[in-house]
Amino acid sequence: MPELPEVEVTRLSFAERIQGAEVTAVRLGKPLRWPLGVEPQQIVTQRVGPVTRRGKYLWLPLDRGGLLMHLGMSGSLSFASAPAAPGPHDHFDLVTARGTLRLTDPRRFGAVVWAPAIDAGAAAKLLAGLGVEPFDSAFTGAHLHKALRRRRVAIKTALLGGDIVVGAGNIYACEALFEAGIDPRTRSDRLSRVRCEALAEAVRKTLGRALESGGSTLRNFRDAHGIAGAFQLQARVYGRAGQACPRCGATIRRTVQGQRATFFCPGCQRR
DNA sequence: AAGTGGACCTGCTAGC
DNA sequence: TGCTAGCAGGTCCACT
């Protein structure tokens with residue numbers, strides 16, 4: 001589910017309200033991807049600081065460390081002052097005086113992990129190796145071109161890797177490549193500098209538009225207020241195999257790369 | 001170093 | 001109507 005826009009929309013929807021709140025209880029459901037890494041009791045009485053995002057991870061700082069959270073494929077966070085009784089897919093509650101932050105995640109690929117600091121322990125390990133932020137000034141066509149020079153994998157696969165630029169998952173990688181007019185099967189090291197400039201711009205534009213739309217809701221994504229996203233309605237290739245390309249009218253195709261579905265227009269996306 | 005495939009887990013849908 | 005195969009927004013890890 002959640003790619004960078006969904007994670008950022010989620011962050012914006014509860015960060016201000018939870019900041020400064022004291023943790024009064026922690027409730028764990030079924031195991032998530034990794035163990036919490038601390039006794040829940042150790043978190044109680046700590047205060048929540050400003051929530052930040054790195055790639056698709058959220059960092060929730062506490063007085064003596066913090067929690068690194070990931071929504072996996074099917075996770076979402078809610079923040080409510082009077083939460084319902086936990087359901088079968090509610091696997092983490094951070095109860096505070098201001099409300100309860102709850103991770104709901106049917107597939108349990110998500111995670112909540114304690115670390116003494118964002119650059120220490122488990123957090124450091126998980127965040128190491130992430131690429132640049134797409135909205136950072138360091139993310140340029142030149143950066144992309146330099147990184148892609150040593151890669152022979154298809155550009156779609158390279159974008160999804162997250163070690164060059166973070167944030168574009170399967171939907172937005174497909175959409176950005178469409179935006180840039182690049183065939184997703186193009187070998188990374190064959191992309192010219194000019195096309196890398198176009199791609200960097202397309203990634204920013206695509207993620208930016210999704211952010212403005214509140215993210216994409218394919219199945220169950222909601223922000224912490226329970227609001228669904230709307231970007232999926234403006235997706236131009238993702239999930240549209242067999243339909244006409246909105247730009248050139250050719251039939252959109254579906255293929256598989258690295259065990260993930262890829263959607264593209266054979267008419268206006270070139271190698 | 002870079003690339004590949006498998007692993008994690010559950011729910012929904014299309015098709016028989 | 002009921003069962004089953006296939007698919008889903010991520011990413012870590014082991015292995016070549």
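The chains referred to below are lettered A, B, ... by the order of the sequence lines, with proteins before strands, and numbering in each begins at 1.
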> Are the side chain of R236(A) and the backbone N or O of P246(A) linked by a donor-acceptor pair below 3.5 Å?
Replying inline: no
>> Roughly how many Å apart are dC7(C) and dG6(B), using the P atom of each and rounding to a whole number?
In response: 14 Å
> Near DNA chain B, under 4.0 Å by heavy atom, which residues of residues 26-40 of chain A?
Replying inline: K30(A)
>> Which residues in residues 141-154 of chain A have a heavy atom closer than 4.0 Å to any atom of DNA chain B?
In response: R150(A), R151(A), R152(A), V153(A)
>> Nearest whole Å is fine: how far is dT11(C) P from R54(A) CZ?
In response: 12 Å
>> Under 4.0 Å from OP1 or OP2 of dC12(C): is there any side-chain N or O of Y57(A) that close?
In response: yes
>> I'd like to check R27(A) versus T100(A) (side-chain heavy atoms, cut-off strictly below 4.5 Å). Are they in contact?
In response: no
> If you look only at pairs with a residue in residues 146-156 of chain A, which of them pass as a salt bridge (charged side-chain N to carboxylate O under 4.0 Å, His left out), with sequence neighbours excluded?
Replying inline: R151(A)-D163(A)
> Whole Å only: how far is the CZ atom of R260(A) from the P atom of dA8(C)?
Replying inline: 8 Å
> Can you name the residues that form a salt bridge (charged side-chain N to carboxylate O under 4.0 Å, His left out) with K30(A), not counting sequence neighbours?
Replying inline: none
> Does Y172(A) place a side-chain N or O at less than 4.0 Å from the phosphate oxygens OP1/OP2 of dG9(C)?
Replying inline: no
> side chain to side chain contact (heavy atoms under 4.5 Å, CB included) with E22(A): which of T45(A), D63(A), T96(A)?
Replying inline: T45(A)
>> Between R193(A) and H145(A) (side chain of the first, backbone of the second, donor and acceptor by atom type, cut-off under 3.5 Å), is there such a pair?
In response: no
> Which one, dG10(C), dT10(B), dC7(C), comes nearest to the side chain of H70(A)?
Replying inline: dG10(C)
> On a plain distance test, is the side chain of R107(A) in donor-acceptor contact with the base of dC9(B) below 3.5 Å?
Replying inline: yes
> Within less than 4.0 Å of OP1 or OP2 of dG11(B), is there a side-chain N or O belonging to H89(A)?
Replying inline: yes
> Rounding to a whole Å, what distance do you find between L160(A):CG and dA2(B):P?
Replying inline: 17 Å
>> In this structure, how many angstroms lie between the P atom of dC8(B) and the CD atom of Q259(A), rounded?
In response: 14 Å
> Which pairs with one or both residues in residues 123-132 of chain A pass salt bridge (charged side-chain N to carboxylate O under 4.0 Å, His left out), sequence neighbours excluded?
Replying inline: none
>> With the criterion set at under 5.5 Å between ring centres and under 30 degrees between planes, would dC9(B) be stacked on F109(A)?
In response: no
>> From CG of L68(A) over to P of dG10(C), roughly how many Å is that when rounded to an integer?
In response: 17 Å
> With no hydrogens and no angle check, is any side-chain donor or acceptor of R204(A) less than 3.5 Å from a backbone partner on F139(A)?
Replying inline: yes
> Distance under 6.0 Å and angle within 45° of the ring axis: does R240(A) meet both against F263(A)?
Replying inline: no
>> What is the distance, to the nearest angstrom, from the CG atom on D163(A) to the C1' atom on dA1(B)?
In response: 11 Å
>> Measuring only between side-chain heavy atoms, which start at C-beta, is W59(A) closer than 4.5 Å to L127(A)?
In response: no
> Which residue, L58(A), L77(A), L12(A), forms the side chain to side chain contact (heavy atoms under 4.5 Å, CB included) with V7(A)?
Replying inline: L58(A)
> Can you tell me if S188(A) uses its side chain to pair, donor with acceptor, with the backbone of V153(A) under 3.5 Å?
Replying inline: yes
> Which whole-number value in Å describes the distance from D105(A) CG to dG10(C) P?
Replying inline: 13 Å
> Which range-with-range stems can be found for DNA chain B when each stem has 3 or more Watson-Crick or G-U pairs in a row and both distances sit under 3.5 Å?
Replying inline: B:2-8 with C:10-16, B:10-16 with C:2-8
> For the side chain of L126(A), counting heavy atoms from C-beta on, which of dT10(B), dC12(C), dG10(C) is nearest?
Replying inline: dC12(C)
>> Can you measure K56(A) atom NZ to dC12(C) atom P for me and round it to whole angstrom units?
In response: 10 Å
